[in-house]
Every structure is written in structure tokens, then in C-alpha cells.
Amino acid sequence: MAQVILDKINKVYDQKVHVVKDISLKIKDKEFMVLVGPSGCGKSTILRMIAGLEEITSGEISIGDRVVNELQPKDRDIAMVFQNYALYPHMTVYQNMAYGLKLRKIPKDQIDEQVHQTASILGLEEYLDRKPKQLSGGQRQRVALGRAIVRKPQVFLFDEPLSNLDAKLRILMRAEISRLHKKLDTTIIYVTHDQVEAMTMGDRITVLNDGIIQQCDTPLNLYDHPRNLFVAGFIGSPGMNMIFGKIVSDNALSFEAKSLKLPVPAEYQQDLQSHANKSVILGVRPENIYIDQQSAIKATVEVVEPMGNEIIIYLAVGESHILMRLEERLPLKPDDVVNIAFKDMHLHFFDKATEECINYSDDLIQS
């Protein structure tokens with residue numbers, strides 16, 4: 001297997017549409033790296049440039065110890081799994097899985113051994129004689145995986161492979177791909193727009209927006225320590241609450257919005273000193289809000305969503321609308337008034353102009 005290094009790669013279409021902007025990224029050997037972001041952020045274009053399916057406008061891509069900019073896709077020693085499976089409908093499962101090996105003129109007995117070995121790993125042995133139309137969506141995706149695995153490439157590339165599956169099957173296939181990664185001990189680069197998929201599968205996640213890397217880190221570090229407003233809002237479901245206000249200086253700093261005044265925790269006072277009397281955005285995740293009868297912050301219940309293992313409560317605090325997530329099944333209903341508080345060490349303050357997190361620090365990040 002191999003590491004993949006992207007060094008200042010750019011992609012410009014028609015000399016005017018700049019879709020990938022100066023991306024530099026090192027994907028470690030045997031790492032499961034997820035590229036995530038909204039539609040049009042450049043993640044699939046990056047994957048296709050690594051595969052050799054898109055030309056690079058500028059920059060350098062290395063796979064292992066080779067620069068592959070000028071190499072054809074077949075010479076890059078990669079295997080790609082697509083969203084639409086890309087199976088040959090007239091071939092059996094066995095023939096689909098064996099096709100790439102036949103093109104490489106691998107001996108017939110070796111092809112047979114590799115196909116059967118891979119089919120066993122994926123639970124496809126009883127389907128080897130079937131055509132793709134006789135299979136379910138999940139089985140077709142397994143065949144697409146099998147076709148990639150039999151080639152034993154240095155790097156696997158996945159381009160939104162689960163987006164055509166229903167919700168239950170997506171969860172099962174997520175676990176299956178994660179198990180395969182551990183079993184094959186291989187390098188995987190996985191593209192998705194689904195942040196839940198990214199959080200549950202990746203060793204590290206690269207969050208992209210508008211062709212630019214916003215942050216690259218482990219799932220928990222992205223969740224707990226977002227660098228900017230985009231990452232904070234994109235990672236997490238439900239998303240982080242955002243409350244617009246300003247930092248007020250009166251002996252000690254406090255955050256103030258309409259109908260809300262919150263002392264700035266002592267740990268953040270120094271970070272926020274330079275933003276005194278300036279507009280900021282307070283970010284707090286739904287699970288870091290709780291009911292506290294001693295708190296002066298009053299909120300009105302708007303909607304209650306019982307989820308079984310938890311309840312999601314939509315609240316109005318003055319003109320701000322926020323979500324609170326509780327594990328306790330409290331008998332709350334619309335128009336109830338409750339007193340709420342925020343967990344001090346889970347507050348994020350963003351500069352309104354730059355959208356960067358003011359109290360972000362590399363010292364907080366766990367390796």
C-alpha cells in the first residue's frame with residue numbers, strides 16, 4: 001500500500017471556473033481519509049484527479065514514491081468504486097470481478113483463486129453466476145467492491161458509493177467498508193457529502209468548501225474544535241446552534257444578544273479581549289444546553305421531537321431559535337417556559353467578519 005500526497009493542486013475549467021484551489025494534503029499509508037463537503041465543493045474532482053480521470057491544471061500528485069501526473073489511470077495502481085456501481089450488465093458477478101485481471105493477463109488459475117477469495121470475504125460466493133440485474137443494490141455494491149479488491153491496488157478510491165442505497169442499507173454497508181479497511185490494511189480515500197458517513201468511517205476527515213480545505217482532523221477533533229463557522233455548522237447532526245450577538249466589556253467580558261446575557265468563561269477571557277464591543281457569533285451544540293432552574297436564561301418550547309433514546313427540543317430565546325438535545329424524557333410541550341444553561345467549556349465564539357473561531361487553539365486538539 002502507499003501514501004498519497006497532493007501538493008498545491010489546482011483545477012480550472014475553461015480558464016475561468018476554479019473548482020480546486022491550491023490543495024495540499026498528505027494521506028498516510030493505510031489511512032482511511034474521507035473528503036466531505038457540500039455539492040460543488042470540489043471533492044469528487046480531487047478524487048478524479050488522483051485517479052487520472054481529470055487532468056491537473058497545476059500542482060503535483062504522488063502515489064507511493066511516484067509522481068503520477070503524467071501516468072494513465074491504468075498505470076497508477078489504484079482501484080475506484082463509483083456511485084452507480086459501473087457493472088457490466090451482460091457479465092456474471094464472477095466475470096465482472098475477473099475482468100480487470102483478465103485485461104492484465106493474469107493466469108486463469110490465479111484469477112479464479114483471487115475472485116473466490118474476495119467473494120468469500122464479501123459474502124458473494126452464492127451469487128457468482130448471477131447477472132447484476134438479479135442482485136439487490138447492496139449486493140451490486142459488494143460486487144463493485146469485489147472488483148476493486150481483486151486487483152490488490154495500492155490505493156482504493158470511493159466516490160459516494162452508498163448514495164444510491166436506502167438508509168438501512170447505507171448503515172450496513174458503512175460498517176462493511178470499515179471492516180474491509182481493517183481486514184485489507186489498505187489506503188482508502190472516500191468521498192461523501194454525508195457528514196454522518198464521514199464521522200463514522202474516517203480515521204481523518206478533510207472538510208472542503210468552495211474548492212478549499214477548511215479543516216483536516218480526526219472526527220472528534222472536528223466536532224469538538226471546529227476552526228471556523230463552516231466546519232462548526234457542517235459537522236454534527238443536528239447542527240451547532242449559532243446565536244448572533246456581541247462581546248461586552250464590564251469588569252469581565254460577557255456575551256450579549258437580545259434576551260440573552262452570558263458571562264464569558266474565565267478560560268476564554270483572554271482570547272476574547274481583543275473582540276470587546278465587537279459582533280461575534282456564539283456556537284453551542286444541542287447536547288451542551290441543559291435545563292437549570294437556577295439560570296436566568298428563559299426559553300419557550302416551540303417543538304418537541306421524541307426520538308426514543310433522546311428528545312430534540314426547539315426553543316425560542318428572545319429572537320434566537322435554538323435546539324436542545326436531552327437524553328431524559330421530560331414531559332415538555334409547546335409554549336412551556338424553561339430555564340436553560342450552557343456548558344461553559346463547550347462554547348465556541350466566532351468572529352463575525354472572518355468566521356474564524358476566536359477561542360480555537362491547537363493546544364486543545366488531541367492527537
Side-chain angles (χ1 to χ4, degrees), residues 3-4 6 19-21 23-51 80-84 138 141 144-145 148 155-182 184 186-240 283 285-287 325 348 357 360 365-367:
Q3 68 177 4
V4 177
L6 313 181
V19 295
V20 175
K21 303 170 183 175
I23 295 286
S24 291
L25 183 65
K26 182 177 180 180
I27 298 145
K28 303 168 192 171
D29 183 26
K30 302 177 184 177
E31 182 174 29
F32 197 130
M33 172 64 80
V34 179
L35 308 182
V36 68
S39 296
C41 71
K43 57 190 183 295
S44 288
T45 303
I46 292 170
L47 200 74
R48 291 173 65 83
M49 287 194 287
I50 296 170
M80 194 159 180
V81 179
F82 296 92
Q83 177 180 343
N84 62 357
Q141 193 55 274
L145 283 171
V155 180
F156 287 91
L157 307 176
F158 290 81
D159 191 7
E160 305 214 36
L162 308 184
S163 57
N164 286 340
L165 305 179
D166 62 50
K168 186 176 180 181
L169 200 48
R170 276 203 305 273
I171 293 170
L172 293 173
M173 288 301 297
R174 283 204 314 251
E176 191 149 337
I177 292 172
S178 294
R179 279 196 297 268
L180 271 174
H181 175 241
K182 289 179 175 62
L184 299 172
T186 185
T187 306
I188 290 178
I189 306 173
Y190 188 103
V191 160
T192 181
H193 65 275
D194 184 336
Q195 55 92 15
V196 174
E197 219 168 272
M199 290 288 288
T200 55
M201 297 177 77
D203 295 325
R204 284 192 301 156
I205 301 170
T206 299
V207 183
L208 293 145
N209 188 39
D210 194 28
I212 298 169
I213 292 178
Q214 303 295 313
Q215 190 172 348
C216 179
D217 213 324
T218 64
L220 288 182
N221 282 342
L222 286 176
Y223 189 84
D224 292 334
H225 306 292
R227 279 183 178 272
N228 58 40
L229 201 61
F230 179 82
V231 176
F234 192 82
I235 297 294
S237 180
M240 184 181 285
R285 295 206 179 274
E287 65 271 23
R325 173 190 270 148
H348 307 269
C357 185
Y360 174 89
I365 300 298
Q366 300 172 358
S367 58

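The minimum heavy-atom distance between Val191 and Pro161, with the atom names listed, is O-CD, 4.2 Å. Shortest non-hydrogen contact noted between Glu160 and Thr192 is CG-CA, 4.1 Å. Looking at every heavy atom in both residues, Ala148 comes nearest to Val81 through CB-CG2, 3.8 Å. In terms of heavy-atom proximity, Ile213 sits nearest to Ser24 at CD1-O, 3.6 Å. Between Asn209 and Pro38, the shortest heavy-atom contact is OD1-CG, 3.6 Å.
For the atom pair CG (Asp217) and OH (Tyr223), the distance works out to 15.5 Å, reported to the nearest 0.5 Å. How far CG of Leu220 is from CD1 of Ile205: 9.0 Å, rounded to the nearest 0.5 Å. Put simply, CD1 on Ile46 and CG on Leu35 are 6.0 Å apart, with the number rounded to the nearest 0.5 Å. In this structure, the separation between NE2 on His348 and CG on Asp224 is 7.0 Å, given to the nearest 0.5 Å. We find the CG-CD1 distance between Asp166 and Ile171 to be 9.0 Å, quoted to the nearest 0.5 Å. Residue Ile177 holds its CD1 atom at 11.5 Å from CG of Leu184, rounded to the nearest 0.5 Å.
For the pair Val36 and Lys43, the minimum side-chain heavy-atom distance is 4.5 Å or more. A heavy-atom distance below 4.5 Å is found between the side chains of Phe158 and Leu145. Using a 4.5 Å heavy-atom threshold, the side chains of Val4 and Glu31 count as separate. No side-chain heavy atom of Ile27 sits less than 4.5 Å from a side-chain heavy atom of Thr206. Side-chain contact check for Arg325 versus Arg285: every heavy-atom pair is 4.5 Å or farther apart. When side chains are defined from C-beta on, Pro226 counts as touching Met240, because their heavy atoms get closer than 4.5 Å. Cys216 has its side chain within reach of Met33: a pair of non-hydrogen atoms, C-beta onward, lies under 4.5 Å apart. In this structure, the side chains of Phe234 and Gln214 stay at 4.5 Å or more apart for every pair of heavy atoms.
Applying the side-chain contact (heavy atoms from CB on, under 4.5 Å) test to Ser39 and every residue at least two apart in sequence or in another chain returns nothing. Legend: residues meeting ring pair (Phe, Tyr, Trp, His ring centres under 6.0 Å) with His181, ordered by chain and number and at least two apart, are Phe32.
A donor and an acceptor atom, one from each side chain of Gln215 and Asn228, are nowhere located under 3.5 Å apart.
Without hydrogens or angle criteria, Gln195 side chain to Gly236 main chain gives a donor-acceptor distance under 3.5 Å.
Salt-bridge check for Lys21 with Asp210: passed, with a basic side-chain N closer than 4.0 Å to an acidic carboxylate O.
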For this session: Could you please spell out the steps behind the side chain to side chain contact (heavy atoms under 4.5 Å, CB included) verdict for Leu180 and Phe156?
Result: CA-CA 11 Å; Leu180 271 174; Phe156 287 91; over 6 Å; no

